[in-house]
Amino acid sequence: MTQFLEREGFTLRPVQPFSFAQTVAYHTRFQAVSGADVYQYACYSRLLERDGKLLLLSVRSRSSHNTDLLLAGEVASESLTPQDVEFTRQQASWILGTDLDLMPFYRMCQDDPVLRSIAGTLEGLHPSRTPSVFESLVLAIVGQQIAGKVAQAIRAGLIQALGRSLVELDGQVYYTFPSP
């Protein structure tokens, strides 16, 4: 069990339109816990690893209404360096796709009534990404020609069996995605 002693905050300003709730719900497959990703109580969390050090990422929306103009992030670890905080901020931005400009896509959709309708219901959903090419490759292999629920169960079992774990003070268990 690891107990975090240090926490440091950072902010992210997503390219608009951005919906934190839609983006994170999609990224976690509409489940509270999906492998290494956790979305509970309007907070997205993921345990990251940098040079052998565990870093717990947490992100919340600090905006109201349908537009999330500002995200509040936090990193927790036994000891933090400025490089750890910047690494975690960059990972959060990458995973949540906060840097993606979707306006060209929305403009393209305006010419097609079906796409315009669909895009309107999903406005602000940014495509999420995995933190590494290795994780993407493993998930692609696991998901080949099997049912989505089976792939999710295999993914969760793989992460729990081979990833590093951390138990936070509130009892929540977080896992890293296994390293190569």
Can you name the side-chain hydrogen bond (donor to acceptor under 3.5 Å, both in side chains) partners of [X], sequence neighbours left out?
| X | value |
| --- | --- |
| Q144 | none |
| E74 | R7 |
| T98 | S93 |
| Y174 | none |

Review point. With sequence neighbours left out, what residues match F177 under ring-ring contact (aromatic ring centres under 6.0 Å, His included)?
Key: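 If we apply the ring-ring contact (aromatic ring centres under 6.0 Å, His included) test to F177, skipping adjacent residues, there are no hits.
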I'd like to check the salt bridge (charged side-chain N to carboxylate O under 4.0 Å, His left out) partners of [X]; sequence neighbours left out, ordered by chain and number.
| X | value |
| --- | --- |
| R164 | E49 |
| R29 | none |
| E86 | R89 |
| D99 | R129 |

Donor-acceptor contacts, no H, no angles, side chain residues 132-142, under 3.5 Å, sequence neighbours left out:
unit_1: S132; atom_1: OG; unit_2: E135; atom_2: N; d: 3.0
unit_1: E135; atom_1: OE1; unit_2: R46; atom_2: NH2; d: 2.5
unit_1: E135; atom_1: OE2; unit_2: R46; atom_2: NH1; d: 3.4
unit_1: E135; atom_1: OE2; unit_2: R46; atom_2: NH2; d: 3.1
unit_1: S136; atom_1: OG; unit_2: T130; atom_2: OG1; d: 3.2

Review point. For residues 82-101, which residue pairs qualify under ring pair (Phe, Tyr, Trp, His ring centres under 6.0 Å), counting only residues two or more places apart or in two chains?
Key: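 For residues 82-101, and leaving out neighbouring residues, there are no ring pair (Phe, Tyr, Trp, His ring centres under 6.0 Å) pairs at all.
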Review point. Going by the ring pair (Phe, Tyr, Trp, His ring centres under 6.0 Å) test, which pairs reach into residues 96-129, not counting sequence neighbours?
Key: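 Every pair satisfying ring pair (Phe, Tyr, Trp, His ring centres under 6.0 Å) with a residue in residues 96-129: F18-H126.
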Practice item. Decide side-chain contact (heavy atoms from CB on, under 4.5 Å) for Q172 and S45; before the verdict, give the C-alpha distance in whole Å, the side-chain angles of both, and the deciding distance to 0.1 Å. Key: CA-CA 11 Å; Q172 175 69 47; S45 302; over 6 Å; no
